[in-house]
Amino acid sequence: MKQFSITIAGGGSTFTPGIILMLLENLDRFPIKEIKLYDNDEERQGTVAGACRILLKEKAPQINFVETIDPEEAFSNIDFVMAHIRVGKYAMREKDEKIPLKHGVVGQETCGPGGIAYGMRSIGPVIELVDYMEKYSPNAWFLNYSNPAAIVAEATRRLRPNSKILNICDMPIGIEELMAASIGLSSRKEMEVRYYGLNHFGWWFDIRDKQGNDLMPKIREHVSKHGYVTADESKQHSDASWNSTFAKAKDVQALDPMTVPNTYLKYYFYPDYVVEQSNPEYTRANEVMDGREKFVFGECQKIIDNQTAEGTELEIDEHASYIVDLARAIAYNSKERMLLIVENNGAISNFEPTAMVEIPCLVGSQGPEPLAMGEIPRFQKGLMEQQVAVEKLVVEAWVEKSYQKLWQALTLSKIVPSAKVAKDLLDDLYEANKAYWPELS
Ligand code: NAD
Ligand code: G6P
Ligand code: MN
């Protein structure tokens with residue numbers, strides 16, 4: 001059986017230990033020869049890598065482990081890159097969230113002005129990683145979690161159309177786990193879903209069990225009463241702010257009771273409510289720095305200090321399982337059905353062919369085969385036309401270094417109330433992102 005070599009780009013990510021634990025748990029299904037961590041912040045990666053080295057030594061000493069900031073070492077002789085970089089780290093996420101709030105606008109990691117600013121930072125470095133992979137391991141696959149996935153996906157489509165890149169998001173599967181629990185199923189894998197949208201901007205319109213029985217009526221009823229709040233809590237999305245997002249899905253669903261929505265639509269449908277609920281001095285970035293980052297780095301440091309991973313509270317999560325399922329589907333041509341962000345190309349028949357849409361695909365060794373989702377209703381189509389134009393304009397602005405196009409993108413974002421606010425926001429975001437964005441004119 002072939003053994004695979006994997007590079008985790010963004011080795012210092014808070015999600016790296018979860019992915020490594022997931023890989024270790026699945027060695028019988030997906031054998032591994034080598035795991036390499038790559039980051040451009042040696043010190044940050046050092047803590048995570050120090051702990052992972054000990055984990056591997058204890059659980060799978062046969063796997064070769066490499067920690068590096070050298071691209072050639074990182075990207076040579078590998079089969080997969082699993083990328084989850086955060087360009088500008090949490091310090092810049094905090095600005096993405098706080099600057100819009102100063103203007104009375106939603107401040108969010110991937111939606112609206114914050115997501116646009118983050119997109120302008122992510123495009124260059126993600127393309128750089130793809131180029132490293134193609135230079136040193138031309139047959140490898142690039143599995144990307146790096147956000148904002150919608151803009152990154154459009155950028156990879158536009159700039160590297162022939163590269164082996166798959167963009168994914170864990171929000172739909174996280175929500176599907178909650179749906180499954182709400183109707184008494186033990187796993188999302190007991191459901192087969194039909195879904196369409198853009199990343200962080202989509203709807204389920206058909207959900208069945210493996211025998212073909214329609215599960216939608218029960219799921220719709222639950223969501224219309226409780227949103228995605230269930231007795232079983234999500235492990236990854238467990239903070240109070242996530243719980244409030246899951247509850248708000250009830251009001252999001254009210255716009256089209258025949259479907260059930262992605263939670264991220266709350267930022268587009270209820271921006272006034274979101275701003276009211278936000279604390280401009282303490283946003284999600286602060287919560288994550290005080291929560292997940294402290295926890296993960298604290299646990300890693302403990303492993304290093306004790307020189308053993310025994311008793312660690314670090315654990316596998318759904319987020320990690322999805323990227324491993326994807327790698328397996330490619331490696332073994334399993335034709336597993338998964339939601340991916342792919343070029344529309346007719347799958348949504350009445351929508352822009354070149355849009356990067358999130359839809360079910362069958363995944364095999366040749367990559368994804370998108371499944372036809374047919375025609376979508378006018379309400380969703382109208383929203384998606386506007387949002388996809390924002391995403392495409394951001395990529396055009398980055399390619400052409402165009403201030404004008406970025407102003408258009410911000411003005412078109414449903415979350416931004418006027419061209420005046422868009423311009424004020426653009427000027428503040430540009431100033432804060434001088435070290436990361438191309439120089440605009
Ligand atoms: P994090 O800041 O803990 O980790 C990101 C790492 O990337 C850092 O160690 C940083 O030094 C590194 N990095 C930044 N720029 C780099 C570059 N140019 N080259 C190499 N490394 C670089 O962030 P996190 O909270 O763990 O999240 C990581 C990423 O995963 C983010 O983009 C986040 O939005 C994304 N994410 C996506 C999904 C999804 O659904 N697609 C889900 C969860 C997380
Ligand atoms: C979900 C989304 C990701 C996003 C993450 C933020 O998982 O799918 O795209 O990055 O939430 O979570 P956080 O805990 O960092 O706010
Ligand atoms: Mn996501």
Side-chain angles (χ1 to χ4, degrees), residues 7-19 37-49 67-71 74-75 81-94 96-97 108-111 114-115 118-119 121-132 143-153 166-175 177 197-202 234-242 245-246 262-264 283-297 300 317-320 322-323 326 339-341 358 435-436:
T7 294
I8 300 183
S13 158
T14 55
F15 292 106
T16 296
I19 291 185
L37 300 194
Y38 169 77
D39 206 289
N40 63 359
D41 179 337
E42 189 166 22
E43 195 187 333
R44 183 179 178 88
Q45 173 165 270
T47 307
V48 174
E67 144 193 17
T68 181
I69 55 166
D70 171 36
F75 293 91
V81 176
M82 297 183 177
H84 54 194
I85 62 169
R86 182 184 290 285
V87 180
K89 294 177 272 192
Y90 293 124
M92 288 308 295
R93 176 176 181 175
E94 188 177 5
D96 293 341
E97 294 169 351
Q108 215 281 324
E109 180 195 22
T110 61
C111 301
Y118 187 12
R121 290 200 301 280
S122 293
I123 296 171
V126 170
I127 295 288
E128 180 183 67
L129 296 179
V130 171
D131 289 349
Y132 286 146
L143 313 182
N144 183 55
Y145 257 134
S146 312
N147 265 323
I151 291 170
V152 168
L166 288 176
N167 293 288
I168 55 172
C169 171
D170 65 9
M171 196 72 253
I173 57 157
I175 296 171
E177 283 298 349
L198 310 169
N199 178 236
H200 290 184
F201 205 98
S234 158
K235 267 196 216 154
Q236 181 190 342
H237 303 110
S238 61
D239 289 344
S241 53
W242 271 110
T245 292
F246 291 136
N262 193 299
T263 43
Y264 276 92
T283 58
R284 179 67 191 153
N286 302 107
E287 258 178 36
V288 173
M289 286 185 271
D290 291 341
R292 184 172 70 240
E293 187 184 38
K294 276 218 170 88
F295 169 74
V296 170
F297 281 79
C300 286
D317 54 35
E318 265 310 301
H319 169 92
Y322 204 55
I323 202 164
L326 182 59
L339 284 189
L340 299 176
I341 305 162
E358 197 161 277
Y436 300 97

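Both ligands and their constituent atoms are indexed starting at 1 by order of listing. Note that the coordinates shown come from a computational prediction; the quantities given were computed from them, not determined experimentally. Quick note: numbers below take in every heavy atom, side chains included, and nothing from hydrogens, waters or symmetry partners.
The backbone N or O of N286 lies less than 3.5 Å from no partner atom in the side chain of E94, so there is not a single donor-acceptor pair. A donor-acceptor pair under 3.5 Å is absent between the side-chain atoms of T110 and the main chain of P148, judged by distance alone.
Residue A320 comes nearest to G18 through the heavy atom pair CB-O, 3.5 Å, listed as atom of the first residue, atom of the second, then distance. The minimum heavy-atom distance linking G46 with E67 is given by the pair CA-OE2, 3.5 Å.
The side-chain contact (heavy atoms from CB on, under 4.5 Å) test with P125 singles out one residue from N40, V87, V152, and that residue is V87. Checked against D96 for a side-chain contact (heavy atoms from CB on, under 4.5 Å), the options R121, E109, Q108 give a single hit: R121.
Protein residues having at least one heavy atom under 4.0 Å from any atom of ligand 1 are G10, G12, S13, T14, F15, Y38, D39, N40, D41, R44, H84, I85, R86, V87, K89, Y90, E109, Y118, P125, Y145, S146, N147, I168, C169, D170, R292, H319, listed by chain and number.
For CD of E42, the number of neighbouring non-hydrogen atoms (other residues, nucleotides, ligands) closer than 6.0 Å is 12 at most.
If you take CZ on F297 and OG1 on T47, they are separated by 6.0 Å, rounding to the nearest 0.5 Å. The CD1 atom of I168 sits 6.5 Å away from atom CG of L143, with the distance rounded to the nearest 0.5 Å.
Ring planes of H200 and Y264: parallel class, angle under 30° (limits at 30 and 60°).
Under 4.0 Å is where a charged nitrogen must lie from a carboxylate oxygen, and between D239 and R284 at least one such pair does.
Every residue two or more places apart in sequence or in another chain that forms a side-chain hydrogen bond (donor to acceptor under 3.5 Å, both in side chains) with N144 is listed here: S146, N167.
Of all protein N/O/S atoms, those under 2.8 Å from the Mn ion (ligand 3) are C169 SG, H200 NE2, and waters are not counted.
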Run through all N or O atoms in ligand 2 and write down each protein N or O closer than 3.5 Å, as a pair with its distance.
from, atom 1, to, atom 2, distance (Å)
ligand 2, 7 (O), D170, OD1, 2.5
ligand 2, 7 (O), D170, OD2, 3.4
ligand 2, 7 (O), H237, NE2, 2.8
ligand 2, 8 (O), D170, OD1, 2.8
ligand 2, 8 (O), M171, N, 3.4
ligand 2, 8 (O), H200, NE2, 3.3
ligand 2, 9 (O), N147, ND2, 2.8
ligand 2, 9 (O), H200, NE2, 3.1
ligand 2, 10 (O), E109, OE1, 3.0
ligand 2, 10 (O), E109, OE2, 3.3
ligand 2, 10 (O), N147, ND2, 3.0
ligand 2, 11 (O), Y264, OH, 3.3
ligand 2, 14 (O), R284, NH2, 2.6
ligand 2, 14 (O), R292, NH1, 2.8
ligand 2, 15 (O), R93, NH1, 2.9
ligand 2, 15 (O), R292, NH1, 3.4
ligand 2, 15 (O), R292, NH2, 2.9
ligand 2, 16 (O), R93, NH2, 2.8
ligand 2, 16 (O), R284, NE, 2.7

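Side-chain contact between F295 and T14: absent, with no pair of heavy atoms (C-beta onward) separated by less than 4.5 Å.
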